[in-house]
Amino acid sequence: MDTAEQSPSRRARSIPALRWWIGGLLFASTVINYIDRQTLSWLAPYLQSQYHWTNSDYANLAIAFRVAYSIGQTVFGKLMDRIGTRRGLTLSVLGYSIVSMLTSLARGFYGLASFRFLLGAGESANWPAATKAVSEWFPKRERGLATALFDSGSSIGAAITPYLTYSIYSRWGWRPAFMVPGALGFLWLIGWRWLYHPPESHPLISEAELRMIVADKRDADARQEGTARPRWRDLLKLPQTWGTIIARSFTDPVFFFIAEWFPIYLVAKGIELKTSLIAVWIPFLAADAGSFFGGAVSGYLIKRGWSVGAARKAVMIYGAIGVALLIPTIFTTNLYLISFLFAFATFSYAGFTIMANVLPSDLYHSESVASVSGLSGTGAGIGTIVAFKFIGYLSDARRATGTHSFDPIVIVAGLVPFVGMLLVLLLVRNTQATNRGLVRRI
């Protein structure tokens, strides 16, 4: 019996365009994910003053999160492929929401570092799970835009956080500023548990939408029948896997530098945070625009007859070039010019990273998507840990240079994605593994 067959009563109570409601849930999960993790970033200048922490101390707090986040993406990516998206993301959001609330109990540096480690472990499942959900619910021509939708939650979350954090901090102090955002995840779980099911068994999907999803999967997976589930070591033998890992490893650290160090960077530039919140929004809103632009452009190119690989790579090329506009910020202390240049860079970065996030669902079959996404997340995490250690040490060592203390860091951040783009162009291509059905043709 065709999996797309439904009774008239089931069709009558279907939700139109259900896949985009699913995408909206993934977006909301990412917003909450980022609010929970960004709270520390915006409290950092005040905590540094209160507890006399250096930039290296803050880097170590950020690294505690990143270590668990890096390991967790690979571990939970594999777990998502085994237990499924619905159950896996439920456990993730439940776990990190509890930890976020408990962070308010921290009594010092080591207590806070411990909670940040646990938060990183809990949050690490979000991207592998969301990438897997996109592969389950969206045809390939829509995956770029669907990935842009959920990934844009990171920028929205980062933009919301300073207002939420400061409004709570100014009234009740830093401890409630961790507790209140943590409660948002429990509200999200109600909607997730009600709405998310695999499309083939969803009671509220229309016949037409299910047929479209099933047909796309059938076409994509036709050559894979009878093959065994790939192991990690099998996946790591493929150049496409390494290209996917590099795509995120050479871009994510740049955004995390912006997202988690921007307040400290602005203070180093002599800019008062309380008077600059509106301008601070600009790079994150630009990243959202860049996400949707990149996803829409790649989808348009595919509709125009471009191969999936060519459409994704075209966006990566302009994305890597645009990030280099971080470099001119070393010559100015004007808040609005800095925000404009950071905005252009984050707009460009966002297109690149959307393509990096969609590559696992483009290249791999359903039972490997979250695993490869997790591997790429671990690579990005390792790159971010190295970057944060470098940022903390070098900015402290250059403190005497005043507004120029971050200059070498910004130059490197502007150049690294370009190198990553060149490596992706080299590694992500059709090979003998494509002909054997181990990866999809792009």
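Sorted by first and then second residue, the ring-ring contact (aromatic ring centres under 6.0 Å, His included) pairs involving residues 81-122 (not counting sequence neighbours) are W53-F109. Residue pairs meeting the ring-ring contact (aromatic ring centres under 6.0 Å, His included) criterion with at least one partner in residues 66-95, sequence neighbours excluded, are F65-Y69.
Panel note: side chain N357, backbone T353; a donor-acceptor pair is recorded below 3.5 Å. Although no hydrogens or angles enter the test, the distance criterion places a donor-acceptor pair under 3.5 Å between the side chain of N430 and the main chain of I442. Formation of a donor-acceptor pair under 3.5 Å by the Y364 side chain with backbone atoms of T241 is found in this model. Using modelled atom types, one side-chain atom of S249 and one backbone atom of A380 make a donor-acceptor pair closer than 3.5 Å. The main-chain N or O of A106 is found under 3.5 Å from a side-chain atom of R175 such that the two form a donor-acceptor pair. Using modelled atom types, one side-chain atom of T30 and one backbone atom of F150 make a donor-acceptor pair closer than 3.5 Å. Side-chain N or O atoms of T165 include none that pairs as donor or acceptor with a backbone N or O of P162 at under 3.5 Å. Between the side chain of S167 and the backbone N or O of Y163 there is at least one donor-acceptor pair closer than 3.5 Å. Side chain of S376 to backbone of S373: a donor-acceptor contact under 3.5 angstrom is found. Here the side chain of T332 pairs no donor or acceptor atom with the backbone of T329 at under 3.5 angstrom.
Rounded to the nearest 0.5 Å, atoms CZ (F256) and CD1 (I385) are 11.0 Å apart. Note that CG of L195 and NE2 of H202 are 4.5 Å apart. Values are rounded to the nearest 0.5 Å. One finds the CD1 atom of I282 at 11.5 Å from the CD1 atom of I338 (value rounded to the nearest 0.5 Å). One finds the CD1 atom of I168 at 10.5 Å from the CE atom of M179 (value rounded to the nearest 0.5 Å). Here CD1 of I391 is found 9.0 Å from CG of L394. Values are rounded to the nearest 0.5 Å. Between atom CG of residue L112 and atom CG of residue L40 there is a gap of 5.5 Å, rounded to the nearest 0.5 Å.
Checked against the 6.0 Å centroid criterion, the rings of H197 and W137 do not qualify as a close aromatic pair. For Y169 and W42, the distance between ring centers is not under 6.0 angstrom. Under the 6.0 Å cut-off for aromatic ring centres, F138 and W20 qualify, their centroids lying closer than that. Note: F342 and F262 meet the aromatic proximity criterion, with ring centroids under 6.0 Å apart.
Looking at heavy atoms from C-beta onward, V267 lies out of side-chain contact with I271 at the 4.5 angstrom threshold. A 4.5 Å side-chain heavy-atom check between E142 and R19 finds at least one atom pair inside the cut-off. Side chains of E136 and P198 form no contact here, defined as non-hydrogen atoms less than 4.5 Å apart. Looking at heavy atoms from C-beta onward, F292 lies in side-chain contact with S152 at the 4.5 angstrom threshold. In this structure, L359 and M316 have side chains that are in contact, with non-hydrogen atoms separated by less than 4.5 Å. Taking the side chain as every heavy atom from C-beta outward, F406 and I264 approach each other to under 4.5 Å. L61 has its side chain out of reach of D57: every pair of non-hydrogen atoms, C-beta onward, lies at least 4.5 Å apart. L326 has its side chain within reach of V254: a pair of non-hydrogen atoms, C-beta onward, lies under 4.5 Å apart.
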For W242 and L236, run side chain to side chain contact (heavy atoms under 4.5 Å, CB included): C-alpha distance rounded to whole Å, both residues' side-chain angles, the deciding distance at 0.1 Å, then the answer. CA-CA 7 Å; W242 287 104; L236 289 172; 3.9 Å; yes
Using the rule given for side chain to side chain contact (heavy atoms under 4.5 Å, CB included), can you reason through S97 versus L184, listing the C-alpha separation, both sets of side-chain angles and the distance that settles it, and then say yes or no? CA-CA 8 Å; S97 296; L184 297 174; over 6 Å; no
Do N33 and W127 pass the side-chain hydrogen bond (donor to acceptor under 3.5 Å, both in side chains) test, and can you show the C-alpha distance, the side-chain angles, and the key distance before you say yes or no? CA-CA 10 Å; N33 184 290; W127 260 258; over 6 Å; no
Step by step, work out the side chain to side chain contact (heavy atoms under 4.5 Å, CB included) result for K313 and M355. CA-CA 8 Å; K313 291 175 182 178; M355 299 303 101; over 6 Å; no
Test log, rule side chain to side chain contact (heavy atoms under 4.5 Å, CB included), inputs T85 and Y196: CA-CA 9 Å; T85 310; Y196 193 90; 3.8 Å; yes
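Within a 6.0 Å sphere centred on CZ of R87, other residues, nucleotides and ligands contribute 12 heavy atoms or fewer. Around CH2 of W174, the count of heavy atoms belonging to other residues, nucleotides or ligands within 6.0 Å exceeds 12. For F418, the CZ atom sits in a loose shell: 12 or fewer heavy atoms of surrounding residues, nucleotides or ligands are nearer than 6.0 Å. Counting non-hydrogen atoms of neighbouring residues, nucleotides and ligands closer than 6.0 angstrom, the CH2 atom of W21 reaches no more than 12 such neighbours. The number of heavy atoms from other shown groups lying within 6.0 Å of OH (Y51) is above 12. With a 6.0 Å radius and a threshold of 12 heavy atoms from other residues, nucleotides or ligands, Y265 has its OH atom above the threshold. No more than 12 heavy atoms of other residues, nucleotides or ligands lie within 6.0 Å of OH in Y393, so this atom counts as exposed by the packing criterion. Counting non-hydrogen atoms of other residues, nucleotides and ligands closer than 6.0 Å to CD of Q432 gives a total of 12 or fewer.
Side-chain atoms of N55 and Q48 form a donor-acceptor pair, as typed in the model, at a separation below 3.5 Å. If you check the side chains of R143 and S361, you find no donor sitting under 3.5 Å from an acceptor. A donor atom on one side chain and an acceptor atom on the other are not found under 3.5 Å apart for S92 and E123.
Between A133 and L26 the shortest heavy-atom distance is CB-CD1, 3.7 Å. The shortest non-hydrogen separation linking L341 to L325 is CB-O, 3.7 Å. Closest heavy-atom contact between R312 and S298: NH1-OG, 3.0 Å. Among all heavy-atom pairs drawn from T346 and P283, the shortest one is OG1-O, 2.6 Å. Heavy-atom minimum distance, Q240 versus L363: CB-CD1, 4.0 Å. Closest approach of V315 to F352, counting heavy atoms only: CG1-N, 4.3 Å.
Checking D407, I411, V412 one by one against I327, the side chain to side chain contact (heavy atoms under 4.5 Å, CB included) holds for a single residue, I411.
The pair R440-D362 fails the salt-bridge criterion, with no side-chain N (NZ, NE, NH1 or NH2) lying under 4.0 Å from an Asp/Glu carboxylate O.
Partners of W188 by ring-ring contact (aromatic ring centres under 6.0 Å, His included), not counting sequence neighbours, listed by chain and number: W192.
Classification of the F347-F293 ring pair by plane angle, with boundaries at 30° and 60°, yields tilted.
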